[in-house]
Amino acid sequence: MTSKPVLYYTPGSPPCSSVMLCAAALGLELDLKVVNLKDGDHLTPEFIKMNPTHTIPVLNDDGVVVTDSHVICSYLADKYAVDDTLYPKDKTQRMQVDSRLYFDCGHLFPRVRLMVEPVIYFGEATISEEKIRYMQRAYDGLEKALTGGKYLCGENLTIADLCCAASVASAEKFAPIEEEKYPKVKAWLQCLSELPYYKKFNQEQADILYNLVQTKFAENKKA
């Protein structure tokens, strides 16, 4: 029997959450292996052999190693989905999903990192209003994308929704979504929160990151 795909992940990481959401949407069980970044697990020779850029998450599917959360979600959907709803095979539809994935990796998640990484790793004791506003401006791209339907690419849930939602769920704890400005984003996230696997694989993960940042706030202020 083929072993379960192994996911090397860190709790509270939005990119890792997106992969776990994707696997849950596919009904796929993963073998979860925690990577402790603080202890340098991602810098060991064994890990760097799998992923020279030493980022998480990393998927090992029976010897096939896939890195970057967006690529992992694409891979899993292509291999394990019973249909092509999550990641359409039609070239035009797939291009639209890909464009939303790039919006996450180019705009949403980098702005989350800009808010939280200086607190976690570099001793910052606050998140500036400038960073918060910068994050909130990214919601406008999602608002415009949601004019065509219930989800980011129309009426069907895709991996673009899962990846973007993983970033936004963490972002909104520090940069709230203003409902009067972004009503569609607010409704979209609420819709996704009703998925049976959302709480475990996204909301609880976002809470882990939030609690870590709050702990680091206190530590950094004392220092």
Side-chain angles (χ1 to χ4, degrees), residues 1-91 93-106 108-110 112-113 117 152-153 156-167 169-170 195-202 204-206 208-209:
M1 185 174 71
T2 304
S3 60
K4 292 183 292 187
V6 177
L7 181 69
Y8 296 87
Y9 86 114
T10 297
S13 159
C16 295
S17 296
S18 69
V19 175
M20 293 189 289
L21 284 170
C22 179
L26 294 166
L28 177 66
E29 188 175 354
L30 300 173
D31 182 2
L32 299 175
K33 305 287 188 184
V34 174
V35 177
N36 190 318
L37 301 180
K38 183 178 179 181
D39 290 347
D41 291 353
H42 61 307
L43 300 176
T44 64
E46 295 79 13
F47 192 89
I48 289 176
K49 185 177 180 180
M50 283 195 302
N51 180 14
T53 60
H54 51 78
T55 57
I56 48 96
V58 173
L59 184 83
N60 189 330
D61 186 16
D62 199 24
V64 176
V65 176
V66 191
T67 63
D68 183 88
S69 58
H70 307 88
V71 180
I72 294 172
C73 288
S74 302
Y75 169 84
L76 291 176
D78 272 339
K79 182 171 181 179
Y80 291 103
V82 296
D83 58 41
D84 68 346
T85 304
L86 271 181
Y87 194 41
K89 289 183 169 55
D90 176 84
K91 289 184 178 180
Q93 293 176 350
R94 177 164 286 205
M95 178 179 63
Q96 186 181 40
V97 174
D98 287 342
S99 72
R100 306 294 186 254
L101 293 176
Y102 287 129
F103 184 74
D104 179 50
C105 67
L108 294 175
F109 181 60
V112 176
R113 291 184 63 181
E117 283 196 349
L152 288 174
C153 298
N156 293 320
L157 177 74
T158 69
I159 59 173
D161 295 288
L162 302 178
C163 288
C164 290
S167 293
S170 290
L195 294 168
Y197 45 81
Y198 182 92
K199 184 175 185 291
K200 178 179 180 181
F201 294 118
N202 200 33
E204 291 180 2
Q205 298 301 311
I208 290 172
L209 178 60

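Counting from 1, the numbers follow the sequence of the chain as shown. The analysis underlying the following values was restricted to heavy atoms, covering all of them including side chains, and did not include hydrogens, waters or symmetry mates.
Counting heavy atoms of neighbouring residues, nucleotides and ligands inside a 6.0 Å radius, atom NZ of K89 exceeds 12 of them. Summarising the local packing, NZ of K199 is surrounded by 12 or fewer heavy atoms from other residues, nucleotides or ligands at distances under 6.0 Å.
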Legend entry - Stepwise side chain to side chain donor-acceptor pair (under 3.5 Å) check, Y8 with D41: CA-CA 10 Å; Y8 296 87; D41 291 353; over 6 Å; no
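Remark: side-chain polar atoms of R100 are paired, donor with acceptor, to backbone N or O of L152 under 3.5 angstrom. Of the possible donor and acceptor atoms, one in the side chain of D161 sits under 3.5 Å from a partner among the backbone N and O of T158. A donor-acceptor pair under 3.5 Å is absent between the side-chain atoms of D84 and the main chain of Y87, judged by distance alone. Formation of a donor-acceptor pair under 3.5 Å by the N51 side chain with backbone atoms of T55 is found in this model.
Counting heavy atoms from C-beta on, the side chains of I56 and F47 come closer than 4.5 Å. Annotation: side chain of L37 is in contact with side chain of V35 (closest heavy-atom distance under 4.5 Å). No side-chain heavy atom of H42 sits under 4.5 Å from any side-chain heavy atom of T10. The shortest distance between side-chain heavy atoms of L86 and V97 does not fall below 4.5 Å. Under the 4.5 Å side-chain criterion, counting only non-hydrogen atoms from C-beta, V58 is in contact with V65.
Atom OG of S99 sits about 13.0 Å away from atom CZ of R94, to the nearest 0.5 Å. We find the CG-CG distance between L157 and L162 to be 5.0 Å, quoted to the nearest 0.5 Å. Between D68 atom CG and C73 atom SG the span is 9.0 Å, to the nearest 0.5 Å. Note that the SG atom of C22 and the CD1 atom of I72 stand 9.5 Å from one another [nearest 0.5 Å]. Distance check: D62 CG to S3 OG gives 5.0 Å after rounding to the nearest 0.5 Å. Atoms CG and OG1, from N156 and T85 in turn, are 5.5 Å apart once rounded to the nearest 0.5 Å.
Counting all heavy atoms, side chain and backbone alike, C163 lies closest to S18 at CA-CB, 3.7 Å. Considering all non-hydrogen atoms of both residues, S17 and F201 come closest at CB-O, 3.4 Å. Minimum heavy-atom separation, S170 to V112: CB-CG1, 4.4 Å. Closest of all the heavy-atom pairs between Y198 and A169 is OH-CB, 3.6 Å. Closest non-hydrogen pair, P14 versus A166, comes out as O-CB, 3.2 Å. Annotation for L7 and C16: closest pair CD2-O, 4.5 Å, computed over non-hydrogen atoms.
In this view, P11 and Y9, V34, Q205, I208 satisfy the side-chain contact (heavy atoms from CB on, under 4.5 Å) rule, not counting sequence neighbours. Residues forming a side-chain contact (heavy atoms from CB on, under 4.5 Å) with L28 (at least two apart in sequence, or on another chain): P5, A23, L26, L30, L76, Y80.
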